[in-house]
Structure formats: C-alpha cells, structure tokens
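Computed from a predicted structure; not experimentally measured. The chains referred to below are lettered A, B, ... by the order of the sequence lines, with proteins before strands, and numbering in each begins at 1.
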Amino acid sequence: MHTLKSDIKKIGRLQKRPNFLRVAKEGKKWTSKSLILQAAPNNLGQARFGLTVTKKISKSAVVRNRIRRRLRAAAFEILPGAAKPGYDYVLIGRHETEKKDYTDLTKDLRWCLKRLELLTE
RNA sequence: AGACAAGGCCGGAUAGCUGCUGCAUCCUUAUAAAGGAUGGAGAGGAAAGUCCGGGCUUUACGGGAACACGGCGCCGGAUAACGUCCGGACAGGCUUAAACCUGAUGGAAAGUGCCACAGAAAACAGACUACCUCUAUUGAGGAAAAGGUGAAAAGGUGCGGUAAGAGCGCACCGCAUCGAUGGUAACAUUGAUGGCAUGGCAAACCCCGCCGGAAGCAAGACCAAAUAGGGGCUGCGUGCUGUAUAGCAGGAGCGUUCCCGCUCUGAGCAGUCCGGGUAGGUUGCUCGAGCCGUUUGGUAACAGACGGCCUAGAUGAAUAGCUAUCCCUCUCUUAUGAGGGGACAGAACCCGGCUUACAGGCUUUGUUUCGGA
RNA sequence: GCGGGUGUAGUUCAAUGGUAGAACGUCAGCCUUCCAAGCUGAAUAUGCCGGUUCGAUCCCGGUCACCCGCU
C-alpha cells in the first residue's frame with residue numbers, strides 16, 4: 001500500500017523545542033525494540049509528529065541520518081491512516097532502528113499506537 | 001616479463017512505483033496567501049579534524065609608528081595569501097646498488113642560563129692513577145701521550161723529534177681567515193696563510209630578519225505581534241478660590257540655616273503619534289581568486305589567450321523508502337546454483353592548503369634484473 | 001556551526017628536563033578471644049603515536065577521549 005500525497009498533507013510537523021519538551025513532560029510513552037513513541041494531546045484537531053535522534057545513539061552523522069529517514073518514511077506511511085487526530089507524536093530512534101527490516105519497523109509503530117490506545121481503524 | 005619506488009585519476013551502474021527540498025513557467029479563488037500541474041536540479045575526495053592562510057562583516061582608533069605579545073626562519077621562484085606548492089643546496093636515512101624517502105635547516109665569535117649521576121676536570125680551566133728530571137721520607141719542576149668515567153673530555157692518523165712529551169715540526173684529513181673560479185643565490189671546487197682558537201643545548205631565555213589590531217554568518221542588516229516600560233501632543237480632571245489663564249497651600253532642588261527669593265513638580269485617566277526592541281520573519285546565501293576544453297610561455301609550481309558552461313542552498317535542518325537486473329567481493333557446493341556483504345564517511349557563508357580515515361580498481365613515470373632479436 | 005580548556009595510582013591532587021610522590025582506598029602480616037582502631041609492608045599510574053634532547057609527565061607536532069561557553 002502507498003499513502004496518497006493528500007493524506008500526508010493532513011498531518012503537521014513539530015519543529016520547536018518547547019513542543020518536544022511539552023510532549024515529553026505531559027505525554028504517554030511506549031517503548032518497542034526499534035523505537036520509542038511519545039504522544040500528548042494538542043487542541044488543534046490535527047495530528048502532528050516530530051523526530052528525535054540524539055548523538056547518544058551513534059556518533060556518526062551518517063548513521064543518525066539513516067535512522068531519521070527510516071523513521072520519517074515509516075511515519076509518513078502509517079500515521080495518516082492509523083493515528084488518532086488531535087495528538088502530537090514524537091518518535092525517538094534507537095540502536096535497532098538502523099538494522100531492523102522496514103516491515104518490522106512499521107509493525108512496531110502500529111504496536112506502540114495500539115498500546116497507547118491511539119490506533120484508529 | 002619480473003622486482004622495487006614515486007605520483008595522478010575513479011570512489012558502484014541502470015530501471016520502476018511512492019515520496020522530500022529549492023528554482024522556472026502556467027492554472028485556480030479575490031491582490032496577499034494557499035493549493036495544483038509541468039519541466040529541470042539536488043553531498044565529498046576527504047563534506048571530517050578546525051591546524052594555517054584569505055575574501056566578507058562588525059568593532060576599536062583622527063592618522064601613523066613603536067613597545068609588548070604571538071607566529072614564521074637554508075636559497076631562488078609561484079601565489080590574493082600562507083606554516084602551502086615547485087626547483088635547487090646541505091644534512092641524515094632505506095637498499096647489495098639505484099631510483100627514492102625524511103628534515104621547525106638563521107645566529108652559540110652579543111649576552112644570560114643549564115649540562116643530573118659518574119668522573120681529577122663539564123668550560124676564565126686544569127691533573128686522579130700513571131710518565132720524565134732534580135732531591136732521594138717528602139718535596140720542587142716539566143709535560144698532557146696512556147688508563148679509567150660519561151651522552152659529551154680543549155683537533156684525528158702517521159712519521160720525525162724529546163729526559164719524558166707536546167701542532168714543537170712535517171704529510172694527509174678537519175677547522176678558521178683572506179682570495180680565485182662556477183652559480184641569480186644557498187653552496188660547491190680550489191689556492192695561500194694560520195697553528196687549534198670556536199664543547200653541546202636556541203622545539204631554554206634571547207638576538208637578527210619578516211608577518212600579524214580584535215572578533216567571527218549564532219558576524220551583520222532590515223521588517224516587526226502580544227505584554228511591560230519610555231517620550232511628545234490633545235481632551236477631561238486637580239486640596240482651596242476661580243468659567244479659564246492664574247493665585248494660594250503641599251513636595252523637591254538651589255542660594256550656609258530660619259525668614260525670604262528663584263526653578264521644577266503638581267493626580268491621574270482616555271485617545272493618538274514617535275523611538276528602542278523580545279518572540280517570529282526576511283536577508284546575508286551562492287557567479288566565484290568558478291568549472292571544462294584547446295593552445296602559448298616556463299624544467300616545474302603556475303601564468304596568459306581563445307571557446308564553451310551555470311553546477312545543492314536546507315534551518316528540529318531536504319538529497320529518501322521499497323523492488324528488480326548488472327558489476328565487485330566472501331562462504332557453501334563437483335558443477336549449475338544458493339546465501340551474505342558494498343571502504344571511509346553527510347554540505348550549513350565561500351575559497352586556497354595541511355592533517356587524519358578509506359574496500360577496491362585504472363593509469364603514468366623512474367631505477368634495476370632477466371629473456372629474445 | 002563557532003570559540004575555549006583538561007588528560008598522572010581505584011579516587012582527589014603534587015612533581016625547576018635527571019630514580020614519578022602524598023592523602024584516602026585495596027591486599028597481606030602483627031596486635032586482639034573476635035571486630036574496630038593502631039603498627040609494619042606490598043601492589044597499583046604519566047590517554048596514544050612521533051619529533052627535539054645524552055635523557056621528556058614537563059618542550060613541539062599529530063591523534064583520541066572528556067568538559068565548558070555562545071541561540
């Protein structure tokens with residue numbers, strides 16, 4: 001399955017540090033093997049997401065970039081159809097994110113959504 | 001053909017579906033803004049480390065110089081500049097040998113300082129053992145060759161010479177001074193003279209010569225909400241009198257204090273304007289010491305001429321996800337084939353270098369060995 | 001991205017270019033019926049690679065790791 005471009009436009013991006021801090025402080029969290037998902041409600045009626053990959057994961061910029069791209073690709077594919085609107089989502093990369101199969105990555109993301117009871121389908 | 005050495009270049013390829021970030025053109029509603037369509041572009045040789053040098057920007061000073069501080073240091077050239085590059089000199093090193101490699105390589109005869117331990121002595125000299133002469137216990141004188149210490153011991157080897165010895169004399173080598181020849185120069189070769197003076201360390205202080213003001217795009221410039229605060233104007237208003245100007249009362253300051261005089265203030269509210277400026281946004285931001293090709297000059301670094309080209313510009317930060325075929329490589333298998341892997345590494349204002357990391361491949365040059373004609 | 005700093009025993013710190021020390025900690029022994037305290041002794045280090053020097057913790061390059069500041 002491929003996500004339509006119009007669906008992707010429906011979800012926004014988190015870009016400012018205060019938003020990330022708010023999600024980390026107020027939101028719920030679920031950890032899977034390949035990623036950590038944080039979620040907190042916003043009052044916009046729209047889903048937004050952001051990515052966090054720190055230098056702690058890997059010192060190599062190449063590795064960090066690959067993790068970030070894989071997470072973004074998975075988010076664009078899964079979130080528009082599956083995530084509940086009105087929430088901010090933050091995906092945090094882990095060591096496993098680089099090596100794991102892409103299909104497992106999407107499964108993990110769905111699993112995290114389900115455990116946080118934010119899956120809509 | 002082999003061995004060795006030194007450079008230069010490349011840094012997986014193609015296609016499909018779905019996406020991301022700028023740019024150009026067009027369309028839609030209503031200029032803004034948003035959305036859509038089409039086209040074309042989208043990481044490196046080191047983008048890295050931030051070790052040097054510049055451009056650019058702000059800042060300091062009226063302008064300049066010097067001191068201090070920091071850096072560099074054989075000679076000649078290249079360059080916008082450099083601690084970089086090219087060519088040469090000298091010293092050291094690898095190799096049987098050669099090609100070749102490495103070098104922060106000015107001055108110790110301007111001055112100061114240091115040279116542990118050992119050793120007689122570590123730098124104005126001088127003498128422990130030992131040597132020679134006289135005296136003959138001892139002491140006085142001569143002399144510095146031999147022993148031993150040390151990283152380093154006041155020229156080295158040989159012959160003559162002598163009581164023993166010594167540059168005391170001679171030859172060669174080294175060193176110093178003055179020349180000659182070659183070279184732009186560093187320097188090399190060589191002649192004469194001197195007769196040993198000048199131990200090492202300047203990546204110790206320092207002297208000499210040259211260079212440098214400082215900070216850095218988070219520099220800097222522009223636009224500019226909300227809130228708080230500053231200033232101007234207008235209106236209403238003031239403890240008392242007055243319609244109002246104003247006067248009196250009050251407060252503050254000055255005249256040394258009181259009296260008295262002068263100046264300022266007087267209570268705020270509303271409206272409006274101005275300036276600074278935070279969040280945020282725009283810009284700086286990619287046409288430049290630019291790249292490619294041909295050609296001329298030069299041993300070369302490089303420079304000139306002609307022709308062609310436009311080649312990332314993000315900002316919680318794009319350049320991707322998945323699949324297939326080919327290429328390289330590893331493992332298993334008799335083979336067909338199956339499976340795994342793809343070096344180092346990600347632009348952030350831009351250039352010139354240096355250093356460090358790097359799977360594999362292509363290619364050029366030099367030296368030398370072997371074979372054939 | 002830019003600017004600055006630091007690396008020495010297990011820890012906190014010393015050390016004019018000349019045998020790397022101190023305190024606490026660890027281990028062993030003595031003392032004690034046993035433990036603690038005390039006494040005696042031992043082990044344990046200059047981040048790494050080069051250069052200058054007769055000789056580097058120290059001086060000079062490179063490299064690695066860590067820390068701090070600037071929105």
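Comparing B/G158 with B/G139, their P atoms sit 36 Å apart, to the nearest whole Å. Spacing between B/A203 and B/G73 at atom C1', rounded to whole Å, works out to 14 Å. C/G25 and C/G38 are spaced 8 Å apart, taking the P atom of each and rounding to whole Å. Taking atom P in both C/C2 and B/A215, the straight-line distance is 16 Å, to the nearest Å. Using P as the reference atom, B/A48 and B/A32 are 41 Å apart when rounded to the nearest Å.
For the pair A/Leu51 CG and B/U315 P, the computed distance is 15 Å after rounding to whole Å. The nearest whole Å value for the distance from the CG atom in A/Leu105 to the P atom in B/A320 is 18 Å. Computed from coordinates, the A/Lys107 NZ to B/C322 P distance equals 15 Å when rounded to whole Å. One interatomic measurement links the two molecules: CZ of A/Arg68 to P of B/C20, which rounds to 18 Å at whole-angstrom precision. Spacing between atom CG of A/Leu91 and atom P of B/G321 amounts to 16 Å, rounded to whole angstrom units. Distance A/Ile67 CD1 to B/A320 P: 16 Å, rounded to the nearest Å. The CZ-P distance, from A/Phe49 to B/C20, rounds to 11 Å in whole Å.
In this structure, the side chains of A/Leu37 and A/Val90 stay at 4.5 Å or more apart for every pair of heavy atoms.
A/Arg64 pairs by the side chain to side chain donor-acceptor pair (under 3.5 Å) definition with nothing, not counting sequence neighbours. A/Arg69 is linked by a side chain to side chain donor-acceptor pair (under 3.5 Å) to nothing, counting only residues two or more places apart in sequence or in another chain. In this structure A/Arg72 satisfies the salt bridge (Lys or Arg N to Asp or Glu O under 4.0 Å) test with no other residue, sequence neighbours excluded. Shown here are the side chain to side chain donor-acceptor pair (under 3.5 Å) partners of A/Asp104, two or more places apart in sequence or in another chain: there are none.
Nucleotide B/G268 has B/C236 as its partner under the Watson-Crick or G-U criteria, with both atom distances under 3.5 Å. Nucleotide B/C170: paired with B/G158 (Watson-Crick or G-U wobble, both distances less than 3.5 Å). Using the Watson-Crick or G-U wobble rule with both distances under 3.5 Å, B/U181 pairs with B/A188. Pairing partner, B/A305: B/U294, with both Watson-Crick or wobble hydrogen-bond distances short of 3.5 Å. Base pairing of B/U59 is made with B/G213, judged by Watson-Crick or G-U wobble geometry with both donor-acceptor distances under 3.5 Å. Both distances falling under 3.5 Å, in either a Watson-Crick or a G-U wobble arrangement, occur for no nucleotide opposite B/U336. Remark: B/C26 base-pairs with B/G36. Criterion, Watson-Crick or G-U wobble with two distances under 3.5 Å. Using the Watson-Crick or G-U wobble rule with both distances under 3.5 Å, B/A151 pairs with nothing in any strand shown.
In RNA chain C, the stems built from three or more successive Watson-Crick or G-U pairs (distances below 3.5 Å) are C:1-7 with C:64-70, C:10-13 with C:21-24, C:26-30 with C:38-42, C:47-51 with C:59-63.
Set against B/G316, B/A318, B/G346, the side chain of A/Arg72 has B/A318 as its closest nucleotide. In the set B/A318, B/G316, B/G321, B/G321 carries the atom at the smallest distance from any side-chain atom of A/Ala73. The A/Ala61 side chain lies nearest to B/G346 when the options are B/C322, B/A318, B/G346.
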For nucleotides 43-48 of chain B, print each protein N/O atom paired with a nucleotide N/O atom at under 3.5 Å, atom names and distance only.
none

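Using a 4.0 Å heavy-atom cutoff across all strands shown, A/Arg64 reaches no nucleic acid atom at all.
Between A/Val53 and the choices A/Asn65, A/Leu91, A/Ile67, A/Ile92, the side chain to side chain contact (heavy atoms under 4.5 Å, CB included) rule is met once, by A/Ile67.
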| request: Show your working on side chain to side chain contact (heavy atoms under 4.5 Å, CB included) between A/Gln38 and A/Thr52 and close with a plain yes or no. | output: CA-CA 11 Å; A/Gln38 293 175 326; A/Thr52 295; over 6 Å; no

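Side chain of A/Tyr89 to main chain of A/Ala75: no donor-acceptor pair is present (N/O by atom type, distance under 3.5 Å, no hydrogens or angles).
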